[in-house]
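Step one of this worksheet: look at the structure below.
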Amino acid sequence: MWNEIEKILKKKKMSIYKLAKLTGIPDTSLHNYKNGSQLSFVNACKIADALGVSLDDLRGGNEDGNSFRQSRASRSCGSDHD
C-alpha cells in the first residue's frame, strides 16, 4: 500500500511532512509505514481523504482498469471523490 501512497504523493508533489499535517498522523508514523509497519484502517482512511483518492486507489485496485469506486465499500471513509 505504501508504494501506491508514494506514487500519489509524487504525482501531487506532496511531502510526507505535508501529508502528516493534513491527516494529523505523526510524520514518524508515516515513516514507519514507509518502512513496513502495518497501516491501520483509520489511518488509511485519513490518508485517502487527504490525498483525494479512494481506499481502492491506495491498494492499487485500479491498475487493471477495473474501478470499484462505485461500490460503497471501496470509497474512502469520509468523502465522496467521484
Side-chain angles (χ1 to χ4, degrees):
M1 183 178 287
W2 186 260
N3 288 338
E4 294 303 318
I5 293 169
E6 281 195 316
K7 286 179 191 176
I8 297 166
L9 286 172
K10 187 176 235 181
K11 183 177 178 180
K12 293 182 176 276
K13 298 178 181 173
M14 185 185 297
S15 68
I16 289 176
Y17 178 78
K18 175 75 172 179
L19 183 61
K21 292 298 177 191
L22 290 172
T23 60
I25 301 169
D27 61 337
T28 54
S29 294
L30 294 174
H31 283 285
N32 287 340
Y33 299 144
K34 181 178 179 176
N35 292 325
S37 291
Q38 186 66 36
L39 182 63
S40 72
F41 177 76
V42 171
N43 284 348
C45 288
K46 289 178 182 180
I47 291 169
D49 287 342
L51 296 175
V53 299
S54 70
L55 288 173
D56 220 28
D57 293 334
L58 291 187
R59 291 184 321 115
N62 294 331
E63 289 177 356
D64 62 358
N66 294 324
S67 175
F68 299 104
R69 290 186 115 167
Q70 299 305 316
S71 167
R72 189 73 175 139
S74 68
R75 292 185 185 212
S76 61
C77 304
S79 305
D80 186 5
H81 298 291
D82 289 340

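In this chain, numbering begins with 1 at the start of the sequence shown. These numbers were taken from a predicted model, which means no experiment stands behind them.
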Across all chains, not counting sequence neighbours, the side-chain hydrogen bond (donor to acceptor under 3.5 Å, both in side chains) partners of Asn43 are Tyr33

In short, Arg59 meets Met1 closest at the heavy-atom pair CG-CE, 3.8 Å

In short, side chain to side chain donor-acceptor pair (under 3.5 Å) pairs touching residues 8-19 with sequence neighbours left out are none

Rounding to 0.5 Å, atoms CH2 (Trp2) and CG (Leu9) come to a distance of 6.0 Å

Between Ala50 and Leu22, the two heavy atoms sitting closest are CB-CB, 4.0 Å

- prompt: Any link between Phe41 and Ile8 through a network of hydrophobic side chains (Ile, Leu, Val, Met, Phe, Trp, Tyr) touching at under 4.5 Å?
  reply: yes

Closest non-hydrogen atoms of Ile25 and Ala20, given as atom of the first, atom of the second and distance, are O-CB, 3.1 Å

Smallest heavy-atom separation, Leu39 atom then Ile47 atom, equals CD1-CD1, 3.9 Å

- request: Apply side-chain contact (heavy atoms from CB on, under 4.5 Å) to the pair Asp57 and Leu51, showing each step before the final yes or no.
  value: CA-CA 10 Å; Asp57 293 334; Leu51 296 175; over 6 Å; no

Measuring only between side-chain heavy atoms, which start at C-beta, is Leu19 closer than 4.5 Å to Ile5? yes

Q. Do the side chain of Asp49 and the main chain of Lys46 share a donor and acceptor less than 3.5 angstrom apart?
A. no

So salt bridge (Lys or Arg N to Asp or Glu O under 4.0 Å) across residues 23-35, not counting sequence neighbours, yields Glu6-Lys34

